[in-house]
Amino acid sequence: SAVISQKPSRDICQRGTSLTIQCQVDSQVTMMFWYRQQPGQSLTLIATANQGSEATYESGFVIDKFPISRPNLTFSTLTVSNMSPEDSSIYLCSAGLAENTGELFFGEGSRLTVL
Amino acid sequence: AQSVSQHNHHVILSEAASLELGCNYSYGGTVNLFWYVQYPGQHLQLLLKYFSGDPLVKGIKGFEAEFIKSKFSFNLRKPSVQWSDTAEYFCAVKNYGQNFVFGPGTRLSVLP
């Protein structure tokens, strides 16, 4: 299994600012992902965080808006840039140990409110 | 593209009632199936999963799910719910080499 810690757990931000969310996993994992969960909705994959290379973004998400870093197998960051109220959401970090085990582990999420 | 549907947006039950939450997926090939639960204020955690073998899988806290390939379904069941089962439940599907696809979620409220 993997235990995932995210910080901040919540924040209130001003429009136009940027915020970086950190994700730390307690073990080396093959895969790390960032999801968005808007109020009352399901999880939407933002991107796959690739170690040592550019993240792989899903349709509708771009690097300029959501830059992601993953310098090693246990740590990743997601930045929400130039925030607007529409970015208010819960951002979830998740990790998988290996492709064929399938299971994803999740952090507790970072709840962002943009005023 | 793969899609996952869940039959109910919000289910309200009294304690000791039986529960069945529906989940259907669109992909016809080999899939791995999951149910995740999110208790209020907590992180998503795995309830149970199906990879292969016995289509009736048992998970934590008395939950079970049945994979019916012909119906593309993976319904979650519990014979007697408790107030502590109040949570959001997400069905998810994964094909090898593809990303997870999550259903829209079903909110379960159990009345004491």
Side-chain angles (χ1 to χ4, degrees), chain A residues 1-10 21-26 29-50 55-61 66 68 89-111, chain B residues 1-11 21 23-25 27 29-53 57 59-60 65 67 74 87-109:
Chain A
S1 67
V3 177
I4 300 176
S5 303
Q6 275 184 246
K7 59 181 180 181
S9 59
R10 59 178 63 230
I21 303 167
Q22 297 181 1
C23 176
Q24 180 73 54
V25 189
D26 70 342
V29 292
T30 302
M31 302 168 292
M32 291 185 75
F33 306 93
W34 286 97
Y35 285 85
R36 183 170 71 184
Q37 185 179 21
Q38 294 184 305
Q41 298 187 26
S42 187
L43 285 72
T44 301
L45 180 63
I46 298 172
T48 302
N50 300 311
T56 304
Y57 289 85
E58 297 300 303
S59 175
F61 298 96
F66 298 101
I68 288 170
S89 187
I90 298 172
Y91 292 86
L92 295 165
C93 175
S94 72
L97 298 179
E99 169 65 32
N100 59 358
T101 64
E103 180 180 353
L104 283 183
F105 301 91
F106 287 88
E108 293 189 356
S110 299
R111 182 183 294 270
Chain B
Q2 178 68 273
S3 66
V4 179
S5 62
Q6 292 182 233
H7 301 176
N8 306 96
H9 178 65
H10 188 192
V11 173
L21 301 182
C23 171
N24 286 90
Y25 62 95
Y27 183 65
T30 301
V31 294
N32 297 333
L33 299 158
F34 306 81
W35 275 97
Y36 281 85
V37 61
Q38 189 173 29
Y39 298 104
Q42 297 188 28
H43 66 282
L44 276 158
Q45 54 187 287
L46 184 69
L47 262 183
L48 47 77
K49 61 185 177 184
Y50 172 80
F51 281 12
S52 63
V57 293
I60 61 172
F67 170 53
F74 189 55
E88 188 95 20
Y89 293 81
F90 294 94
C91 180
V93 174
K94 186 183 185 312
N95 311 124
Y96 188 86
Q98 303 295 317
N99 290 318
F100 273 73
V101 178
F102 286 85
T106 296
R107 183 154 61 101
L108 173 64
S109 299

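Below, chain A is the first sequence line, B the second, and so on; all start at residue 1. Nothing here was measured: the structure is a model prediction, and the numbers come from that model.
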Taking side chain as everything from C-beta outward and backbone as N, CA, C, O, which of these in B:Gln6 sits under 4.5 Å from a heavy atom of chain A? Side chain, backbone, both or neither.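 For B:Gln6, no heavy atom lies under 4.5 Å from chain A.
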What part of B:Phe102 gets closer than 4.5 Å to chain A, counting heavy atoms only: side chain, backbone, both or neither?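 Answer is both: backbone and side chain atoms of B:Phe102 are under 4.5 Å from chain A.
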Choice from A:Leu104, A:Thr48, A:Ile4 maximising heavy atom contacts with chain B below 4.5 Å: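 Option with the top pair count is A:Leu104.
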Chain B contact via A:Gln6 - side chain, backbone, both or neither, heavy atoms under 4.5 Å: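 No part of it gets close to chain B.
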For A:Ser89, which of A:Gln38, A:Arg111, A:Gln41 qualifies under side chain to side chain contact (heavy atoms under 4.5 Å, CB included)?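 By the side chain to side chain contact (heavy atoms under 4.5 Å, CB included) criterion, A:Ser89 pairs with just one of A:Gln38, A:Arg111, A:Gln41: A:Gln38.
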Counting N and O atoms only, with roles assigned by atom type, does the side chain of A:Ser110 sit under 3.5 Å from a partner on the main chain of A:Lys7, one being a donor and the other an acceptor?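 Pair absent, no side-chain N/O of A:Ser110 close to backbone of A:Lys7.
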Mutual orientation of the aromatic rings belonging to A:Tyr35 and A:Phe106 [parallel < 30°, tilted 30-60°, perpendicular > 60°]: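 Ring orientation, 0 to 90° scale: tilted.
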Ring-plane angle category for B:Phe34 and B:Phe51, please: parallel below 30°, perpendicular beyond 60°, tilted otherwise.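 Aromatic pair B:Phe34/B:Phe51 classed perpendicular.
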Partners of B:Asn8 by side chain to side chain contact (heavy atoms under 4.5 Å, CB included), sequence neighbours excluded?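 With neighbours one apart ignored, the set is B:Val11, B:Thr106.
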Heavy-atom pairs under 4.5 Å with chain A are the metric here; pick the option from B:Gly105, B:Gly103, B:Ala92 that has the most.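 The answer is B:Gly103.
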